Each structure stands twice: as C-alpha cells, then as structure tokens.
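Not measured: the values here are computed from a predicted model. Just so you know, ligand 1 is whichever comes first in the structure, and atom 1 is the first atom listed for that ligand.
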Amino acid sequence: MIITTIKELRTYLDTHRQSGKTIGFVPTMGFLHEGHLSLIRRAKAENDIVVMSDFVNPTQFAPNEDFESYPRNIEQDEQLAVGAGADIVFYPSVQEMYPTDSSTFVEVMGDITKVLCGASRPSHFRGVTTVVAMLFNIVQPHRAYFGQKDAQQAAVLIKMVNDLHMNIELIVCPIVREEDGLAMSSRNIYLSADERAQAVVLNQALLKAKAAFENGETDVQKLIGIISGKINEAPLAHIDYVNIYEYPSLKTTEEIGAKALAAVAVKFGKTRLIDNIILKNKCN
Ligand code: AMP
C-alpha cells in the first residue's frame, strides 16, 4: 500500500504501535534493485511491520547534480517492495516533506562528514541527516536498515543517532552485487554498455587491495596506489577519490590497525559510482 501523507502514515503506525507491534524502516530514494530488497527482507524478518520510504530527497543533491534526472518508477517500486515484505511504501511529495517555511537542518560535524563523499559533495550529508531525522520522527521505527554500499552514510547516521540519543537501532546490511561484482545502484542504469563493462574495475581494485592487505601490506599510501592503479586500467574511468580511513570513525591513518574502510568514487562520463570494502585485521 502506498501512503503519501505524514498524517495518514502516523495514523496507520499508531494503531500497530499501540498493539505492541515492532516497526522496521528502510529509507530509500526508490528505483529499487536487489540491494534495496535485501534490506526490506531483513527488516521483515526482524519486525512485525515494515515501512519503506521512497523519496528522492532534494536537499542531498547539489544544484549541478542529478536530482531532476534521478530514475523514478513508483509503480514498479511498490510491486517489488511489497513482494519483498514491505507493508507500506511511504511516497511523500517534496512539499509534504519540506513545506515552504521549512528551515531546520540536522548536521553531523567533523571529519566524518568532511572526507570522501563529504569532500566531493559538501552539502550532501547535511541533506541526508536532515531527511533521515525527519523520517525517523515521522515513522518512529524500532529498527532502521541501511546498506554498507553507502558506508560513510551509515557511519554518519550511526553518529547522529548516538549524538541525538535517538532510540532507534541501526542495522547495516552487506553490499549486494551484480554477478560480475559491480555494486548494485539505481545509477547503474545511466551507464553505456562500454562504461558498464568497465565499471567492474571498482570492485576488482578493492579486492586487489584486500588481497594485498591480507598478504601483510598495511601501508595506506601503498594500498591506495594499488587501488588507483587498477582503476586507471579502465580507460573510461575517472577517479573522484580513492582513500582509506579508520572505520567507523573515518579518522586519518597511515597504517591500518584493527579495521579500515577503503572507499572509491569513480566517474564514468556523468555517472558517479561509489564502492568500498572493509579491511579487517584477523588478529583483532
Ligand atoms: P538509495 O536508494 O540509493 O538511497 O539507497 C537506499 C538504501 O539502500 C541505502 O541504505 C543504501 O545503502 C542501500 N543500498 C543501495 N545499494 C545497495 C547495495 N548494492 N547493497 C546493499 N544496500 C544497498
């Protein structure tokens, strides 16, 4: 069932909450693929009621980005989401979420929002934390599900929930990939056939770094070199960033300790793809 207004969603959820049901929440921007569906299935397995939001959030796009052209297909999304176990697809308009007098933002400060995607997209995380805080207030879920695909986003949201003492459990689910290793993304549809074929290099480069790390290479600059070198073998790939930080703090490090995040953003034409891998010391 699609619900488009906050009032109607609250009425529906209040009834279930009062009868002791647990609510799982999966925020998305729609144009669903198996990555999104894996979150819905997990939410359904762990909660009585599952709400998926389907909202392309304007405040997380910069003026030069793809807000207008972002792929949308609500009919197909509803079918897929319900098939995977969603009870409600919350599909608000921009006006419903941001009435014209809306002027409040939620922002996580510090390195965690400044590095990686925060460096390339300076206002992005402020938009993400604002809309997710709004959605949390509307849905008031017991648990919310996010993908490791957006590892920095997950780390930022965990920080927001902790800092604001929100009583919501965040669950981060594994990256779902195409058969050749490309991380599923709504934006993959933008890729030409040649770009699609070469896009597999993101995952290959990260796996190469992981193999080197597991063979004893802990020097961050050397591992970054391995990743960049592999990506640069793809002629259509243009690196936006390749970096490695401690995880989940996203603090700078020269030598990998217990756990680090290797993350990449690469442009193919106008399409910007991200991917990442966790490098974890087996001794810890
Ligand atoms: P989006 O619609 O791209 O904003 O993504 C909505 C949620 O789905 C976010 O928590 C993403 O991290 C997650 N997600 C997107 N792609 C994948 C994927 N390939 N595997 C797992 N989760 C994903």
Pull out every atom of ligand 1 sitting under 4.0 Å from any heavy atom of [X], numbered as shown with elements.
| X | answer |
| --- | --- |
| F146 | 10 (O) |
| H33 | 15 (C), 16 (N), 17 (C) |
| L39 | 7 (C), 8 (O), 10 (O), 13 (C) |
| D150 | 11 (C), 12 (O) |
| I175 | 20 (N), 21 (C) |
| P174 | 20 (N), 21 (C) |
| H36 | 1 (P), 2 (O), 3 (O), 5 (O), 6 (C), 8 (O) |

Inset, instruction - Report yes if M184 has an N/O atom closer than 3.5 Å to an N/O atom of ligand 1; otherwise report no. - result: yes
Legend entry - Contact (N/O only, under 3.5 Å) between T28 and ligand 1: no
Inset, instruction - Starting from atom 23 (C) of ligand 1, locate the nearest protein heavy atom and write down its residue, its atom name and how far away it is, to 0.1 Å. - result: K149 CB, 3.9 Å
Inset, instruction - Give the residue, atom name and distance (to 0.1 Å) of the protein heavy atom nearest atom 4 (O) of ligand 1. - result: M29 CG, 3.6 Å
Legend entry - Check: I112 main-chain N/O paired with Q152 side-chain donor or acceptor under 3.5 Å: yes
Judged by modelled atom types alone, do [X] and [Y] share a side-chain donor-acceptor pair under 3.5 Å?
| X | Y | value |
| --- | --- | --- |
| R196 | N188 | no |
| E65 | Y70 | no |
| Y98 | T59 | yes |
| D54 | T28 | no |
| N276 | Y247 | no |

Legend entry - Nearest-option assignment for atom 22 (N) of ligand 1, heavy atoms, candidates C173, S38, G147, P27: G147
Inset, instruction - Could you pull out, from D77, V26, V176, the option with a heavy atom nearest to atom 18 (C) of ligand 1? - result: V176
Inset, instruction - Using side chain to side chain donor-acceptor pair (under 3.5 Å) as the criterion, list what pairs up with R41, not counting sequence neighbours. - result: E34
Legend entry - D66: side chain to side chain donor-acceptor pair (under 3.5 Å) partners, not counting sequence neighbours: R187, Y190
Inset, instruction - Please state whether A154 comes within less than 4.0 angstrom of ligand 1, counting heavy atoms only. - result: no
Inset, instruction - Report yes if the side chains of M184 and R177 come closer than 4.5 Å at any heavy-atom pair, otherwise no. - result: no
